[in-house]
Amino acid sequence: MTEQAAQAVWVNEAWGKALDKVRRTSQRIGAGFPHASPNGEYVLEPPHWWTAGFWPGMLWLLYNGSGDERLRGIAEECEARLDEVLDGYTRLDHDLGFMWTLTSLASYKLTGSEESKRRALKAANYLAARFNLKGRFIRAWNPWSAGEDNAGVAIIDCAMNVPLLFQASAMTGDPRYRHVAEAHMDTVAADFVRPDGSVYHIMRYDPDTGERIGGIGGQGYAPESAWSRGTAWAIYGLTLAYHHTGKQAYLDTAKRVAHFFLANLPEDHVPHWDFRAPLEERQYRDSSAGACAASGLLLLSEQVGELEAAVYREPAVRMLESLYASYGAFNDHAQEGLILHGTSHYPNQTNVDVPLIYGDFFFVEGLARLQGKGPFYWE
């Protein structure tokens, strides 16, 4: 059996097991919004929670690959439930991109729904409105508590939110969404990515002058450490920015981050939660970082020349195969998650060593990429 044929066997097997399990778990989860599964059952969050798009996004992926109308129906119910957030919630933040790219934009791409297109464009308007002109960044959050000032905070995660803006320009013919997205990604490339390819999670700016104040550790171990999921966000987000613009600086920076990520992987190809945490603090993996990076690396392999493609594609395949073979919970009926050993927020000791819905989503998306089952909603 050729290597390509052997790969097709496990990929098809993994896809089938993921589809079967989601069909089963969807009977309980329905049009809910799961985040983490600490005790075998996904905890459902309110619709405004930042992960609300990943479950319906995964349902759309599986629907597109299987034609299962029941999965499509649940995804559409989730999208409709988000109207209460889009139209009535006053604390929307930069995660608008995650939430409506994987719901409304997915629906529009797959079904042509004009209502979904309207929702996606409304979300894009709210996201663009968070742009700080002086600092050339999209503000991350609103204050979490009375008196808190985070008006000058931007985070690497937003690299995955700006594809909504690139696509809003394509849908409307209005370049202003793209201008905001490019300005933010210019800032990511200049300020978030260190010369060695490691990445800051949080950057603080003076919101009035735009002056850069400095990095913050956030979900990483320390300000100068290397949080692995943030590294994965950067690989994928910068690659998507290149895909949408053709701007060479984005591709060059994405490759630099990818090389750092790959050089720091352990033997089983699934990253620890922070590449630079002290050894005694580094024992936990983050399978979600591996899944996200793998899907981003597969896209990156398509953006480079033929001679370079294998540099990114082959480790992506190894990561996905390791996640399937060693981290999968497909046959465990007591566990709703697909992929074990995710780490959400180690410094806060929140959802450590558990399945995470975004890990499941990116794992399924990676399989879909290997099978050519697009379109993919970020693109």
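When the shell of 6.0 Å around CZ of Arg176 is examined, it contains 12 or fewer heavy atoms from other residues, nucleotides or ligands. Heavy atoms from other residues, nucleotides or ligands lying under 6.0 Å from CD of Gln248 number more than 12. Atom CD of Glu306 is surrounded by 12 or fewer heavy atoms from other residues, nucleotides or ligands within 6.0 Å. Counting heavy atoms of neighbouring residues, nucleotides and ligands inside a 6.0 Å radius, atom CD of Glu3 does not exceed 12 of them.
Val153 places none of its side-chain heavy atoms less than 4.5 Å from the side chain of Arg139. For the pair Glu302 and Arg313, the minimum side-chain heavy-atom distance is 4.5 Å or more. Put simply, the side chain of His201 does not reach to within 4.5 Å of the side chain of Ile216, judged on heavy atoms.
The closest donor-acceptor contact from the side chain of Glu148 to the backbone of Trp144 lies under 3.5 Å. The closest donor-acceptor contact from the side chain of Asn161 to the backbone of His94 lies under 3.5 Å. Within the 3.5 Å criterion, the main-chain N or O of Ile213 finds no donor-acceptor partner in the side chain of Asp206. Judged purely by atom type and a 3.5 angstrom limit, Asn132 has no side-chain atom pairing as donor or acceptor with the backbone of Ile138. In this structure a side-chain-to-backbone donor-acceptor pair under 3.5 Å is present from Asp274 to Tyr221. Between the Arg318 side chain and the Asp268 main chain, no donor and acceptor come within less than 3.5 Å of each other. Between the Asp149 side chain and the Ala151 main chain, a donor and an acceptor come within less than 3.5 Å of each other. For the pair Gln371 (side chain) and Lys373 (backbone), a donor-acceptor distance under 3.5 Å is absent. For the pair Asp286 (side chain) and His341 (backbone), a donor-acceptor distance under 3.5 Å is absent.
In this structure, His48 and Tyr89 have parallel ring planes: the angle between them is below the 30° cut-off, well short of the 60° mark.
Annotation: the span from Leu238 atom CG to His243 atom NE2 amounts to 14.5 Å, rounded to 0.5 Å.
Nearest approach of Arg282 to Trp273, heavy atoms of both residues: CA-NE1, 3.9 Å. When all heavy atoms of Ala154 and Tyr205 are compared, the closest pair comes out as CB-CE1, 4.3 Å. Considering all non-hydrogen atoms of both residues, Arg285 and Thr343 come closest at O-OG1, 2.6 Å. Across all their heavy atoms, Gly237 and Met160 have their closest contact at N-SD, 3.6 Å. Shortest non-hydrogen contact noted between Lys247 and Tyr242 is O-CD1, 3.2 Å. In this structure, Arg81 and Gly32 approach most closely via the heavy-atom pair NH1-CA, 3.9 Å.
Results of the side-chain contact (heavy atoms from CB on, under 4.5 Å) test with Trp60 over Trp55, Phe361, Tyr377 single out Tyr377 as the only residue that passes. No option in His272, Gln219, Glu281 other than Glu281 meets the side-chain hydrogen bond (donor to acceptor under 3.5 Å, both in side chains) test with Tyr346. Tested against Ser104 for a side-chain hydrogen bond (donor to acceptor under 3.5 Å, both in side chains), the candidates Glu115, Lys117, Lys122, Glu79 yield a single pass: Glu79.
Judged by the 6.0 Å distance and 45° axis criteria, Arg194 is positioned over the aromatic ring of Tyr200.
Aromatic ring centres of His259 and Tyr312 lie closer together than 6.0 Å. Taking the six-membered ring where the residue is Trp, the centroids of Phe98 and Trp233 are separated by under 6.0 Å. When ring centroids are compared, Phe261 and Phe275 come within the 6.0 Å threshold. Between Tyr108 and Trp100, the distance separating the two ring centers is not shorter than 6.0 angstrom. In this structure, Phe33 has its ring center no closer than 6.0 Å to that of Phe54.
Inspection of the Tyr250 and Asp186 side chains reveals an N or O donor paired with an N or O acceptor under 3.5 Å. Side-chain contact annotation: Ser107 with Glu76, donor-acceptor N/O pair under 3.5 Å absent. If you check the side chains of Asn142 and Arg130, you find a donor sitting under 3.5 Å from an acceptor. Side chain to side chain, Glu365 and Ser295 meet the donor-acceptor criterion of an N or O pair below 3.5 Å. Between the side chains of Arg70 and Ser26, at least one donor-acceptor pair of N or O atoms lies under 3.5 Å.
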* To do: Go through the steps to decide whether Tyr236 and Leu297 satisfy the test side-chain contact (heavy atoms from CB on, under 4.5 Å), and finish with yes or no.
  => CA-CA 7 Å; Tyr236 206 163; Leu297 288 166; over 6 Å; no
* Arg136/Phe131 under side-chain contact (heavy atoms from CB on, under 4.5 Å): CA gap, chis, key distance, verdict -> CA-CA 7 Å; Arg136 292 171 59 81; Phe131 183 65; 4.3 Å; yes
* **Derivation and outcome, side chain to side chain donor-acceptor pair (under 3.5 Å), residues Gln335 and Ser37** => CA-CA 8 Å; Gln335 173 56 259; Ser37 178; 2.6 Å; yes
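Here Asp196 pairs with Arg276 in a salt bridge; the nearest charged N to carboxylate O distance falls below 4.0 Å. Salt bridge status for Lys255 with Glu308: present, with a side-chain N to carboxylate O gap under 4.0 Å.
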